[in-house]
Structures are given as C-alpha cells and as structure tokens.
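Worksheet for the structure shown next.
All chains are named by letter (A, B, ...) in the order of the sequence lines, taking the proteins before the strands, and each is independently numbered beginning at 1.
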2 protein chains.
Amino acid sequence: MVSDKKDEFDLRVFLPYLLNRAAEESSLEFQRAYKDRYGMLRTEWRVLFHLGNYGEMTAKEICERARIHKTKISRAVSKLEQRRYLLRKRSYTDRRVEMLTLTAAGQTVYRELCDIAQRYDEKLAGMFSADEVALLRQMLRRLADMV
Amino acid sequence: MVSDKKDEFDLRVFLPYLLNRAAEESSLEFQRAYKDRYGMLRTEWRVLFHLGNYGEMTAKEICERARIHKTKISRAVSKLEQRRYLLRKRSYTDRRVEMLTLTAAGQTVYRELCDIAQRYDEKLAGMFSADEVALLRQMLRRLADMV
DNA sequence: GGATAATAGTTGATTTTGTAACTAACAAGC
DNA sequence: GCTTGTTAGTTACAAAATCAACTATTATCC
C-alpha cells in the first residue's frame, strides 16, 4: 500500500529557519568584536562597513544598499558621529542630503574590524571545501537579492 | 611589481553578512503568514513549530533546540496560551517543569503554517538545482551547529 | 535532615527596534 | 511665484528584545 500521508514538515530543513539559525550562530563570535570592543550595535557596524567599503555615501544610499530602515540608519549615524567615527557634510546642491565619511578614527576602527572579519570569514570558510564555499556565497547572494 | 596591497575586504562576500541578509530577505514573505494572519511574533511561531514538530516539550527543551533565551520563550508561551494554542501541564515528578502541548486549535494553526512554509520552501528551493539546495541545507545546518 | 547550590521559569527595568508623524528642502504644474 | 506633491532625514511613541534579579522547587553534600 502506497503511503498517502503527506510528507511531514520538518522544521530543520526549512530554509528560512536554517538561514536564520546559521546567521545567528555565525554572527555571535564576530558580534563580540564590534560589541564588546567598541560598544557598537549591528546597524552601527554595518554603516561603518559601508562607508569604509564604498567611501562617501548618503544615509539614503546606505539604506538601499544594506536594506536597513532609515530610522535605524539615522540613529546609527548619530551614534557614530558622537563617537567621532564619521563626519556629516551637507550637500550644497541639495541641502536635504548629508554626505557621510569616516574620520581617521573611524577608518582605524574599520580596518581593525575588517581584519577580524576577514580572519573570522576564513575560519567559517574553512569548514567547507573552496568550491562549496564559493557556491554557498553565490547562493546566499541570490537569496539576499544582491545578485 | 607584485602588489603587496592587502586584499581589500569586501563586505558582500562576508559570510555572516551574507547569511544575515539572506535570512532577513527570505523571512520577509513567510513572516507575513504568521504575523499578519495570526498576529504572531517570530518566537511564537518557533515555539508553535517546535511543539508541532516534536510533540510535547518543556520550555527548557525548546530553549536548547531553538537556541532562544528563556525569557523570550516564557513570554511566547504565555501569548500562545492566551490564544488557546497550547496547554501547560505541571510535571508531577518535578514541579518546576511544565509540559507544553498544542491544543486542537494550535495544531490547526500549526498545520496551516506548515503548508504555507512548505510551499514557500519549495519556491525558494526552486531558485537552484536539487543538488545545490541539498548542499545548501547541509552547509547551513553545519553553520547553525545543528549537525 | 538541614544548609547550600543548582535549575525551571517569571517578572521588572533598561535598551533597541518599529511605526507613524513630523520638519525642512526641493520639484512640478499651472 | 504659489500651491501640491516628494524626498532626506529626525523625532516621539509603542512594541519587543535584552539583562538582571527574583520565586519556587529540586539536588547535593556534610
């Protein structure tokens, strides 16, 4: 007799769940770097990294690239400014817009965190073969809609 | 002349970042199912799914399996109980412990969400070949330390 | 068996996020 | 140029997450 019982759903293969769990787990160690060492929140390091990675940007551009809501960006920018990690400069072609750049201090922190990130990434990547990791990154980028 | 410039860090290949972005993005659509239709939070559906998937469990066991902090579980359980989705039953071998089970209503919601989850999972999986998805799930499980 | 430590789960205070309303500046249409 | 609509960014309030302290119960060790 053929089983007509619908395949039971298994939480542990559900992609959104797996992705979230993997993301949470793999963020923990790196989080300590920016949180414990620099008292930064996740959004703050994301802003810092975007400015470090892409140079001068506006809050709007960071919102779009990082897919973070503008209120979170706004608060993260204030915090980073307070800590003298970034400078705001009003665009004088459009005075609603602020150009954001890292200060020397911000760049130093950025580089330090980059080093930590890179080492940590290598550690994670080391769990798999080079081909596997390449495929993983590619698939994640597609899922993240960063194609 | 060989470049001795250290390879510039690229945010868009950093695994924790990719994982988080992919997780956030791929959760959005499914989130609407439990949030908009049932007014549930993420922790609440995770608890619901655990009970649906594994049957009777204690809050402690859910904490460990799902890696969610006990205060979040405690509040999610209260909410689910209020909505009559689950029942608490004191263990009488250890009266600190509560056995949690889904009510009939809870099981109905669970099954509905399972269907949605399964269809959504198939949609996501459809972005890649069967082999690729199998590998992805396997890698995510390792990253999530669910090996 | 009684003191001390450990465990399951809850509660309260603080921090962070999310939502909506807001200000200030620009753009378009007439 | 003046109304209407949009956009960049901020702020205020509500919802949720985090962290520490708490209660009640069980386990340990002398």
Side-chain angles (χ1 to χ4, degrees), chain A residues 20-21 23-25 27-28 31-32 34-36 38-48 50-51 56-83 86-101, chain B residues 20-21 23-25 27-29 31-32 34-36 38-48 50-51 54 56-83 86-101:
Chain A
N20 273 290
R21 284 286 314 271
E24 286 161 13
E25 210 62 38
S27 297
L28 276 180
Q31 182 173 318
R32 281 198 289 276
Y34 59 80
K35 203 168 185 180
D36 295 354
Y38 297 103
M40 289 169 70
L41 298 176
R42 191 196 299 195
T43 308
E44 289 159 32
W45 89 251
R46 283 201 188 178
V47 169
L48 188 88
H50 272 78
L51 292 173
E56 189 173 74
M57 292 180 87
T58 70
K60 179 86 189 307
E61 285 166 344
I62 300 177
C63 285
E64 282 159 3
R65 285 232 200 207
R67 301 227 181 200
I68 302 178
H69 196 270
K70 59 181 181 174
T71 61
K72 269 166 98 173
I73 299 287
S74 173
R75 290 190 259 247
V77 167
S78 299
K79 208 87 162 278
L80 292 171
E81 189 193 26
Q82 274 174 40
R83 301 224 172 106
L86 67 75
L87 285 176
R88 315 160 103 123
K89 192 173 54 185
R90 281 248 168 253
S91 158
Y92 62 103
T93 62
D94 181 345
R95 281 165 46 224
R96 289 170 303 185
V97 173
E98 290 183 335
M99 306 310 298
L100 306 172
T101 47
Chain B
N20 273 291
R21 285 285 315 270
E24 286 160 13
E25 209 62 36
S27 297
L28 276 180
E29 187 173 329
Q31 183 173 318
R32 281 197 289 275
Y34 58 80
K35 203 167 184 181
D36 296 354
Y38 297 103
M40 290 169 69
L41 299 176
R42 189 195 298 195
T43 308
E44 287 159 33
W45 89 248
R46 283 201 188 177
V47 169
L48 188 89
H50 271 78
L51 293 173
Y54 304 118
E56 189 173 74
M57 291 180 88
T58 69
K60 179 85 190 305
E61 284 165 344
I62 299 177
C63 286
E64 282 159 2
R65 284 231 200 208
R67 301 230 181 199
I68 301 178
H69 196 268
K70 59 182 181 174
T71 62
K72 270 164 96 173
I73 298 287
S74 173
R75 285 172 172 128
V77 167
S78 298
K79 207 85 163 280
L80 293 171
E81 190 193 26
Q82 274 174 39
R83 300 223 172 106
L86 68 74
L87 286 176
R88 317 161 103 123
K89 192 174 55 185
R90 281 247 167 255
S91 158
Y92 63 100
T93 61
D94 182 345
R95 281 167 45 225
R96 289 170 303 185
V97 173
E98 289 182 335
M99 305 311 298
L100 306 172
T101 47

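Checking the phosphate oxygens (OP1, OP2) of C/dT15, no side-chain nitrogen or oxygen of A/Arg42 falls inside 4.0 Å. The phosphate of D/dT10 (OP1 or OP2) has a side-chain N or O of A/Arg88 nearer than 4.0 angstrom. At least one side-chain nitrogen or oxygen of B/Lys60 sits closer than 4.0 Å to the OP1 or OP2 atom of C/dA8. An OP1 or OP2 oxygen of D/dT10 is reached within less than 4.0 angstrom by a side-chain nitrogen or oxygen of A/Ser74.
Using a 4.0 Å heavy-atom criterion, one finds that B/Ile73 contacts no nucleic acid atom at all. Residue A/Thr71 is in base contact, counting any heavy-atom pair closer than 4.0 Å across all strands shown.
Nearest nucleotide to the B/Asp94 side chain, out of C/dT10, C/dG9, D/dT26: D/dT26. Taking only side-chain atoms of B/Glu98, from C-beta outward, the nucleotide of D/dG9, C/dT10, D/dA17 with the closest atom is C/dT10.
Residues A/Val47 and A/Ile73 form a side-chain contact, since some pair of their non-hydrogen atoms from C-beta on lies under 4.5 Å apart. At least one side-chain heavy atom of A/Leu100 sits less than 4.5 Å from a side-chain heavy atom of A/Ile62.
Judged by distance alone, with hydrogens and angles left aside, A/Arg96 brings a side-chain donor or acceptor within reach of the base of D/dT7, the pair sitting under 3.5 Å. In this model, a side-chain donor or acceptor of A/Arg75 finds a partner on the base of C/dG18 within 3.5 Å.
Per the geometry, NZ belonging to B/Lys70 stands 9 Å off C1' belonging to C/dT10, to the nearest Å. Distance, A/Arg90 CZ to C/dT23 P: 16 Å, rounded to whole Å. Atom pair A/Glu61:CD and D/dG9:P shows a separation of 9 Å (rounding to whole Å applied). Protein atom OH of B/Tyr92 is 18 Å distant from nucleotide atom P of D/dT25, rounded to whole Å. Computed from coordinates, the A/Asn20 CG to D/dA17 P distance equals 13 Å when rounded to whole Å. Distance CD (A/Glu64) to C1' (D/dA8): 11 Å, rounded to an integer number of Å. Distance B/Arg46 CZ to D/dA16 C1': 15 Å, rounded to the nearest Å.
Listed for the A/Arg67 side chain is no donor-acceptor partner under 3.5 Å among the backbone atoms of B/Glu24.
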